[in-house]
Protein chains: 2
Amino acid sequence: MKNSETVSKCDCTTIHEDVVNNVKSKMPEEESLIDLADLFKIFGDSTRVRILWALNESEMCVCDISALLNMTQSAISHQLRLLKQSNLVKNRKDGKVVYYSIKDEHVKDIFSQGFLHIREK
Amino acid sequence: MKNSETVSKCDCTTIHEDVVNNVKSKMPEEESLIDLADLFKIFGDSTRVRILWALNESEMCVCDISALLNMTQSAISHQLRLLKQSNLVKNRKDGKVVYYSIKDEHVKDIFSQGFLHIREK
DNA sequence: TGAACGTTTGAACATCTATTCATATATTAA
DNA sequence: TTAATATATGAATAGATGTTCAAACGTTCA
């Protein structure tokens, strides 16, 4: 639901109007922040994180990932589809086997930044 | 649910056992990756992303954030609680007013890395 | 004290999401 | 062709999650 602009959902009298206006002028477009959240949503599931981490080590086929994570190949396949849709992963087909690998080199860096936060307290 | 080790969920014959074993030896502890996913889960909601972005500009009270994002202060309060639990945000009380601000300086960098991905296709 | 205000909290609700299950597709080999 | 295998897909389900609503809490000021 977008802000309909007609009815204000804020039920309080704004205290610091200057601050609010200043920050509002500096906020990126709503769509950008939604895109950003959608990206992090992909990283917000441990199965996908483990898949990405694994593929960061080595290209692997669906079957390999299933074995590595001890999960159904169907579950893995569903997640790989999401990862591919998000342009984080690519695949190539060799006979019956489909090999997946990391598509975006930022994945590593995103992980690193995340760990920096976790490590402190 | 953890891997019960007793029953294998993988329903296929492993194709590249060497690769799987090699990658398995390089995977971080499962708990680390769960923590990482939990962190990104926090970033995976546009309301929280907008709150973090806003607080990155300036300290603000709950009321201000409600006005800025045109959302109920109750909804904002609920999200601020999550952000605080995740150590991303801290607050100080001044009379009736509670001011929130960024606690972790990595927030900015995490956003930056995310944008790097989005920007390319 | 009591009213007003900013904030928090818990329950309810609707929506979203990850996995499972059954089945379909595609390729190889016999 | 048929059988076997790797992968993909759609529907169903259980669980997680974001917002709303009503109410409580805590502080200030008449």
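Below, all heavy atoms of this structure are taken into account, side chains as well, without hydrogens, waters or symmetry copies. Convention: sequence-line order gives letters A, B, ...; per-chain numbering from 1. Remember, predicted model here, so these are calculated numbers, not experimental data.
- The residue A/K84 sits apart from the nucleic acid: no heavy atom pair falls under 4.0 Å.
- In this structure, the side chains of B/K103 and B/L88 stay at 4.5 Å or more apart for every pair of heavy atoms.
- Following rounding to the nearest Å, A/L83 (CG) and D/dA8 (P) show an atom-to-atom distance of 12 Å.
- Aromatic ring centres of A/Y99 and B/H16: separated by under 6.0 Å.
- Across the protein-nucleic acid pair, A/M60 atom CE and D/dA6 atom C1' stand 16 Å apart, rounded to whole Å.
- Counting only distance, with no hydrogens or angles, the side chain of A/K84 and the backbone of A/N91 share no donor-acceptor pair below 3.5 Å.
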Please tabulate, for the side chains in residues 105-116 of chain A, all donor-acceptor contacts under 3.5 angstrom to protein atoms that are two or more places apart in sequence or on a different chain.
residue, atom, partner, partner atom, Å
A/S112, OG, A/K108, O, 3.0

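- In this structure, the side chains of B/Y100 and B/M60 stay at 4.5 Å or more apart for every pair of heavy atoms.
- The closest donor-acceptor contact from the side chain of B/S58 to the backbone of B/L55 lies at 3.5 Å or more, if one exists at all.
- Across residues 89-98 of chain A, A/K93, A/G95, A/K96 each have a non-hydrogen atom less than 4.0 Å from an atom of DNA chain C (numbered order).
- Looking at heavy-atom distances under 4.0 Å, A/Y99 makes no contact with the nucleic acid at all.
- By the 4.5 Å heavy-atom criterion applied to side chains, A/R119 and B/S32 are counted as neighbours.
- Residues in residues 35-50 of chain A take part in these side chain to side chain donor-acceptor pair (under 3.5 Å) pairs, two or more places apart or across chains: A/D38-A/K41, A/R48-A/Q79, A/R50-B/E30.
- Look at B/Y100 and you won't find any side-chain N or O under 4.0 angstrom from OP1 or OP2 of C/dG6.
- A heavy atom lying under 4.0 Å from DNA chain C marks the following residues of residues 43-58 of chain A, by number: A/D45, A/T47, A/R48.
- Within the 4.5 Å cutoff, the side chain of B/L68 has no heavy atoms near those of the B/I51 side chain.
- Here the side chain of B/N22 pairs no donor or acceptor atom with the backbone of B/D18 at under 3.5 angstrom.
- Rounded to a whole Å, the CG atom of B/N70 is 10 Å from the P atom of D/dT20.
- Atom NZ of A/K41 is separated from atom C1' of D/dT17 by 10 Å (rounded to the nearest Å).
- Nucleotide D/dT17 holds its P atom 12 Å from the CD atom of B/Q85, rounded to whole Å.
- Remark: B/Q79 is in phosphate contact with D/dT19, judged by side-chain N or O atoms under 4.0 Å from OP1 or OP2.
- As a whole-Å value, the separation of B/I65 CD1 from D/dT19 C1' is 17 Å.
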Polar atom pairs between nucleotides 9-15 of chain D and protein, under 3.5 Å, N or O only, would you list them?
residue, atom, partner, partner atom, Å
D/dT9, O4, A/S74, OG, 2.7
D/dG10, O6, A/H78, NE2, 2.8

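- Note: CG (A/L69) to P (C/dT19) measures 10 Å, nearest angstrom.
- Not counting sequence neighbours, the partners of B/E59 by the side-chain hydrogen bond (donor to acceptor under 3.5 Å, both in side chains) test are B/R92.
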